[in-house]
Every structure is written in C-alpha cells, then in structure tokens.
Amino acid sequence: METILTSENLKRSYTIGKTTLDVLKGVSLEVNSGETLSIMGESGSGKSTLLHVLGGLDNPKEGEVHFKNESVYGMSTARRARFRAQNVGYVFQAFHLLPELDIVENVALPAMAMRSKGGAKARAEELLTEVGLGDRIGHRPQELSGGERQRVAIARALMNDPDIIFCDEPTGNLDSKTGEKVLNYLFQLIEARRHTLVLVTHSQDVASRCSRELFLKDGFLI
Ligand SMILES: Nc1ncnc2c1ncn2[C@@H]1O[C@H](COP(=O)(O)OP(=O)(O)OP(=O)(O)O)[C@@H](O)[C@H]1O
Ligand SMILES: [Mg+2]
C-alpha cells in the first residue's frame with residue numbers, strides 16, 4: 001500500500017515563562033493512502049498539537065513530516081500554503097466557521113482561489129446537500145445547531161477533494177445521538193471517495209469506526 005504521509009521523531013513543546021511543557025516527545029507515524037486512522041488520547045495528551053503539526057499548520061521543534069516524499073516544513077511558506085489548500089482538508093475541534101458568511105460561502109471558501117466563484121458555490125451546495133443541509137442553503141453558521149455546523153465544517157474540508165483529511169474531535173461538542181449522525185455523514189463521504197482520514201478523539205466509540213487505532217500517551221504514539 002502506498003504511504004501518503006510520514007512523520008519522523010516529531011517533537012513539540014510549549015514554553016510559558018520559565019516552564020516548558022514537552023507535549024510531543026518523538027512521534028513517528030506512517031499513514032497509508034486510503035486508510036482511516038484514529039489517534040486516541042486523554043484530554044491534554046497533545047492530540048490537537050499533533051494534528052496541527054501533521055497538517056502543516058505548526059512547525060515541530062524537531063523531526064520531519066513528509067507528504068508523498070516531500071518535506072512539509074522544508075517547503076517555502078507559499079508552497080506550504082498551496083499544499084494545505086490543495087491536498088489537506090481540516091475539520092477543527094471548534095468548527096472555525098466564519099459568522100459573516102453564509103454556509104455555502106463558508107464551504108466554498110477554500111476553493112475561491114482555484115475555481116470560478118459559480119463553480120465553487122455549485123460544488124459547495126452539492127456537498128452541503130450530501131451532508132443533509134440542502135434545505136439550509138443561505139443560512140449562516142450561527143443559525144445552525146452544533147451538529148449542523150460540524151457538518152458544514154466537514155463539507156468545507158472536502159471542498160478541494162484533498163488527499164488527506166484531518167479531523168480533530170469531530171463530535172467533541174455534540175450529544176451522542178447527534179455525534180453519531182455527524183460521523184455517519186463523515187464516513188459515508190470519505191468511504192465513497194476513498195479519502196485518507198486521520199482523526200483524533202478521546203472516544204473509543206469514535207475511534208472504533210476507523211480501520212486502524214493508535215494511542216498518544218506521554219508524548220509518544222503506541
Ligand atoms: N499554545 C499553547 N501554549 C501553551 N500550552 C499549550 C498550547 N497549546 C496546547 N498547550 C498545552 O499542550 C498540551 C496538549 O494540548 P492539546 O491541545 O494538543 O491536547 P489535546 O489532546 O488536543 O486535548 P483535548 O482532548 O482537551 O482537546 C496541553 O497540556 C495544553 O495545555
Ligand atoms: Mg484537542
């Protein structure tokens with residue numbers, strides 16, 4: 001199977017005043033193309049930190065991330081921004097939708113530099129329909145429930161047909177029934193398109209839906 005993403009010996013710490021907190025102490029990982037990988041860990045274990053580093057959003061202190069044999073942090077800033085826009089979809093823990101845009105505009109945003117405005121909006125509407133929000137076109141995020149917002153965020157992550165999708169606790173803010181519904185949409189979309197998924201969660205139920213499960217503990221993956 002083809003390897004799409006690797007990390008070697010990733011280290012990341014945070015320094016506040018005189019205290020340094022070592023969060024990632026040497027994380028090595030291979031992600032295969034088409035797999036769905038979950039990374040579980042307790043709150044504060046560094047799951048979001050790891051996902052940011054893997055997704056090209058946060059420089060590690062040490063170590064390397066390679067996407068299809070290209071060093072992600074060896075890229076120029078412009079190249080890395082383009083890599084993120086074209087190859088990576090990201091569903092953040094706290095949605096990160098823009099309140100001044102309606103949901104079609106939110107979903108279409110990552111494609112605005114790459115497609116015509118009309119083409120981007122048409123695809124955004126298609127994706128929103130696929131996540132069951134076809135009747136909410138024109139609404140703004142603040143008019144939607146938490147589960148509906150998370151589905152908008154999932155549609156946005158798929159907008160540019162990325163090679164790899166990172167999901168940070170996709171159901172963390174939702175009740176279990178809503179969470180399951182959101183996960184069903186997520187896995188339906190991903191399996192239909194054979195996307196690669198890396199998902200972090202503290203929930204065993206969520207992790208079990210993936211094809212492979214890893215744990216982040218004391219700064220290492222096990
Ligand atoms: N910008 C920051 N500055 C200082 N410390 C930080 C920063 N971001 C995260 N941390 C600390 O690093 C540790 C790991 O944080 P991280 O957000 O990666 O954990 P997590 O596993 O995603 O937790 P949760 O499940 O609660 O989302 C925590 O102890 C956190 O307080
Ligand atoms: Mg987190």
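Counting starts at 1 for both ligands and their atoms, following the listed order. One is the number of the first residue; the rest follow in order along the sequence.
Ligand 1 has at least one atom lying under 4.0 Å from a heavy atom of Gly46. The closest approach between any non-hydrogen atom of His52 and ligand 1 is not below 4.0 Å.
For ligand 1, the atoms sitting less than 4.0 Å from at least one non-hydrogen atom of Val23 are 12 (O), 13 (C), 14 (C), numbered in the order shown with element in parentheses. Near Gln93, the atoms of ligand 1 lying under 4.0 angstrom from a non-hydrogen atom of the residue are 27 (O). Residue contact check: Glu42 has heavy atoms under 4.0 Å from atoms 21 (O) of ligand 1.
Of the protein's non-hydrogen atoms, the one nearest atom 26 (O) of ligand 1 is Ser43 OG, 2.5 Å. When hydrogens are left out, the protein atom nearest atom 8 (N) of ligand 1 is Tyr14 CZ, 3.3 Å; that is the closest non-hydrogen contact. Of the protein's heavy atoms, Ser48 CB, 3.7 Å lies nearest to atom 17 (O) of ligand 1. Looking only at protein heavy atoms, the nearest one to atom 25 (O) of ligand 1 is Lys47 NZ, 2.7 Å.
Between Glu169 and ligand 1, no pair of N/O atoms sits closer than 3.5 Å. For His202, no nitrogen or oxygen atom sits less than 3.5 Å from a nitrogen or oxygen atom of ligand 1, counting backbone and side chain alike. Ligand 1 has a nitrogen or oxygen under 3.5 angstrom from a nitrogen or oxygen of Gly44. Checked by distance only, ligand 1 and Leu21 stay at 3.5 Å or farther apart across all their nitrogen or oxygen atoms.
Here the side chains of Met112 and Lys117 are in contact, with some heavy-atom distance below 4.5 Å. Put simply, the side chain of Lys68 reaches to within 4.5 Å of the side chain of Asp163, judged on heavy atoms.
When OE1 of Gln93 and OG of Ser48 are joined through the Mg ion (ligand 2), the resulting angle is 80° to the nearest 10°.
Classification of the Phe92-His96 ring pair by plane angle, with boundaries at 30° and 60°, yields perpendicular.
A donor-acceptor pair shorter than 3.5 Å can be found between the side chains of Thr201 and Glu169. The closest side-chain donor-acceptor pair between Thr129 and Glu125, if any, does not fall under 3.5 angstrom. Inspection of the Arg123 and Asn160 side chains reveals no N or O donor paired with an N or O acceptor under 3.5 Å.
At a distance under 4.0 Å, no protein heavy atom can be found next to atom 30 (C) of ligand 1.
Between Arg140 and Glu100 there is no salt bridge, since no side-chain N of the basic residue sits under 4.0 Å from a carboxylate O of the acidic one.
For residue Ser43, no N/O/S atom approaches the Mg ion (ligand 2) to within less than 2.8 Å.
For the residues Leu24, Thr49, Leu50, the heavy atom positioned nearest atom 15 (O) of ligand 1 is part of Thr49.
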Legend entry - Gln188/Glu130 under side chain to side chain donor-acceptor pair (under 3.5 Å): CA gap, chis, key distance, verdict: CA-CA 9 Å; Gln188 248 170 43; Glu130 278 197 67; over 6 Å; no
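Across Thr6, Leu37, Thr36, Leu54, a single residue satisfies side-chain contact (heavy atoms from CB on, under 4.5 Å) together with Val31, and that is Leu37. Checking Val91, Asp168, Asp58 one by one against Leu51, the side-chain contact (heavy atoms from CB on, under 4.5 Å) holds for a single residue, Asp168.
In terms of heavy-atom proximity, Arg80 sits nearest to Met75 at NH1-O, 3.5 Å.
Looking at Ile16 against ligand 1, only its side chain comes within 4.0 Å, counting heavy atoms.
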